[in-house]
Amino acid sequence: MSRSPSHPSPPGPSRPRPCGPRGRRFRRTAPATAVALSAALAAATALTAPASAGPRHPSPPGKRPVATGYGGAVSTVDPYASRTALDVLKHGGNAMDAAVAAAATLGVTEPYVAAIGGGGFMTYYDARSGRVHSIDGRETAPERMRADSFTDPESGEPLPFDEAVTSGLGVGVPGTVAQWELALDRFGQRKLRHLLRPAIEVADRGFVVDREFRDQTAVNAGRFRDIAPTRELFLPGGKVPEVGSVFRNPDLADTYRALARYGGDWLYEGRLGREIVRTVADPPVAPGAARTVRPGLMRPGDLDAYRAKLRKPTHVSYRGLDVYGMPPPSSGGSTVGEALNILEEFDLGADRPADALHLYLEASKLAYADRGRYLGDADKVDVPLGELLSQGFAGERACLIEPDEAAPAPVPPGSPDGRYGPCEPARGAAAPLTGEGPQTTHLVVSDRWGNVASYTLSIEQFGGSGITVPGRGFLLNNQLTDFSFEPPGPGEAPDPNLPGPHKRPRSSMAPTIVLADGRPRLALGTPGGSTIITTVLQILVNRLDLGMDLPEALEAPRATQRNTPQVFAEQEFIDRYGDELRARGHELELFAGPPEGVIGAANALEILRPGLVQAVAEPERRGGGSALVVRPVR
């Protein structure tokens, strides 16, 4: 039976009771206890009124890039999501609760980068244990995925990237919901059903379209028109929504309501999962569309097999601080960590910014060479993570850096083999930089107890695969296009990022937490595909080496060196540092985007002293972000 767009279908007999994290079931709460629990948690947010209450047309919350105060803080790209997180904090939720509630709201207001059809990575400082944890919600490939699955069987050539993106073939098994349930079960104080209420409210009432949402829709308009449910949802009346108009998503509100009622197994074992599989296997192409939209390989058993995972975070020491990041299948923690280890070998003086930026670019170049050669899903391939993050290996790599001369790129990878000489020359060929969509989002949250969340989530490209699950109000990811598209040739080094059954594609997401004397000092992250790593690294260098405060560190102009012949940069960076860096042999070009000339859209927070936190968002990039604190300093 098909589901009408405006009313949720009952999930069916396969969902007899609510479930917790993947692999665990919770007993149904007794009626009296359930009533008491609902009453106790009804104040989980201030946004729980029915959709009919309040103004007919919502007013957009204001944006501010910096907020300082007490009681907890949040920074996201979106004022609705930041307000959601703040309300959770004000009503007794902790940082994990607020992060999940904000992410669900981003699924409404930022649907082209955040959706339950995608996945993400999170690092979390748990104040009770004093430890940093990482939670992997990365999508997985179907069981039928093979190393040559992105090869055209007729031509024998790799599929064109755009064709692979807008297809069922690029859709990985979504990990977001399983990650939420695992994260809340381990660290949260609220249940998912309560934390979805603010997002349901926003989806029902609608949000005010801003320039960023309109521009992202316009970029996707051509392919959105070719997918029937996507066109119906995101191009109402066949047009791109205008700035200032109100965008509603009642389908997503209904989906969230059912998810709140039945739990994540409704997706992984139940009706929603079956609808996702049908959509992937037979994409709903609009009649008359000429676009080739290939079917995917996903089956119901792929959803049932999915598990979010707690992993040990990466860890390096830098300038006396402890820097924690995301381990494989993300390359964010290892590549940021390796580059910091290399930079630890040098004195980066604040009085010589061009010298420091030269070293930053060269360290990035070397770390990216090693990323391309060694990083993949460590559950499926051998990743020498310990050696990549060793100071011995960093010293061997650092000795290759000339203080006044840029090495011609691409440079070859090093040998993280545990045998490190004083200056071992690198050998072998560099791996090409694979395609990776820059369209992601990041948020940071702290609470009054000292917990801190740093969370990056994505559906890969702006608009993901472009395929909306009919009647459900959300887009599916295209994360499998982060895999390499073709096996290496004869005699070439193995590629750790080839597709494979149940394998997670390599990512650059780098949710980062920095501790000083065992307590949180900084938390940060950014969208940007493979530029995520360099953006996080540059912000750390700005803050820890170049004497900038955190707002200055985020606002400063950026450049990215990913072991390519050119350094791609923002125009202000080129104007400010171009002459000195070109004199060292760096070839600078304007970053192509999208959007053109803009690298990343970071969010961060800093614990200034016990209890006092500063939340920071972008003042301008991608329309600026939203930073809030529970009790602002007047």
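- Taking each heavy atom of S331 and I533 in turn, the nearest pair found is OG-CD1, 3.7 Å.
- Residues D97 and L195 have side chains in contact (heavy-atom distance under 4.5 Å, counting atoms from C-beta outward).
- For the 3.5 Å distance criterion, the side chains of T230 and R223 fail to qualify, holding no donor opposite an acceptor.
- Ring planes of F207 and F247: tilted class, angle from 30 to 60°.
- Using cut-offs of 30° and 60° for the angle between ring planes, the Y112 and F224 rings count as tilted.
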Q: Could you walk me through whether L235 and T217 pass the side chain to side chain contact (heavy atoms under 4.5 Å, CB included) test, one step at a time?
A: CA-CA 8 Å; L235 299 172; T217 309; 3.8 Å; yes
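- For the residue pair E181 and Y268, no side-chain donor N or O sits within less than 3.5 Å of a side-chain acceptor on the partner.
- Summarising the geometry, atom NZ belonging to K503 is positioned 12.5 Å from atom CZ belonging to R146; distances are rounded to the nearest 0.5 Å.
- Using modelled atom types, one finds a donor on one side chain and an acceptor on the other under 3.5 Å when comparing T456 with H442.
- Looking at V452 and V444, their side chains never come closer than 4.5 Å, going by heavy atoms from C-beta outward.
- Atom CZ of R144 sits in a crowded spot, with more than 12 heavy atoms from other residues, nucleotides or ligands closer than 6.0 Å.
- Partners of D126 under the side-chain contact (heavy atoms from CB on, under 4.5 Å) rule, at least two apart in sequence or in another chain, are Y124, R128, S129, H133, F187, N451.
- Side-chain contact check for R504 versus D136: some heavy-atom pair is nearer than 4.5 Å.
- Judged by distance alone, the side chains of N478 and E460 do bring a donor and an acceptor atom under 3.5 Å apart.
- Residues V113 and T440 are not in side-chain contact: their nearest non-hydrogen atoms beyond the backbone lie 4.5 Å or more apart.
- Counting heavy atoms from C-beta on, the side chains of V108 and L252 come closer than 4.5 Å.
- A donor atom on one side chain and an acceptor atom on the other are found under 3.5 Å apart for R562 and T560.
- The closest side-chain heavy-atom distance from T76 to E110 is not below 4.5 Å.
- Between atom CG of residue L297 and atom CG of residue D302 there is a gap of 8.5 Å, rounded to the nearest 0.5 Å.
- For CZ of R291, the number of neighbouring non-hydrogen atoms (other residues, nucleotides, ligands) closer than 6.0 Å is greater than 12.
- For the pair L375 and P496, the minimum side-chain heavy-atom distance is 4.5 Å or more.
- Between R138 and D377 there is no salt bridge, since no side-chain N of the basic residue sits under 4.0 Å from a carboxylate O of the acidic one.
- Summarising the geometry, atom CE belonging to M509 is positioned 7.5 Å from atom CG belonging to D482; distances are rounded to the nearest 0.5 Å.
- L498 and E486 get closest at one heavy-atom pair: CD2-O, 3.6 Å.
- E201 is not listed as a side-chain neighbour of R197, based on a closest heavy-atom distance of 4.5 Å or more.
- Closest heavy-atom contact between G332 and A510: CA-CB, 3.9 Å.
- Annotation: E143, atom CD; neighbour count of heavy atoms from other residues, nucleotides and ligands within 6.0 Å does not exceed 12.
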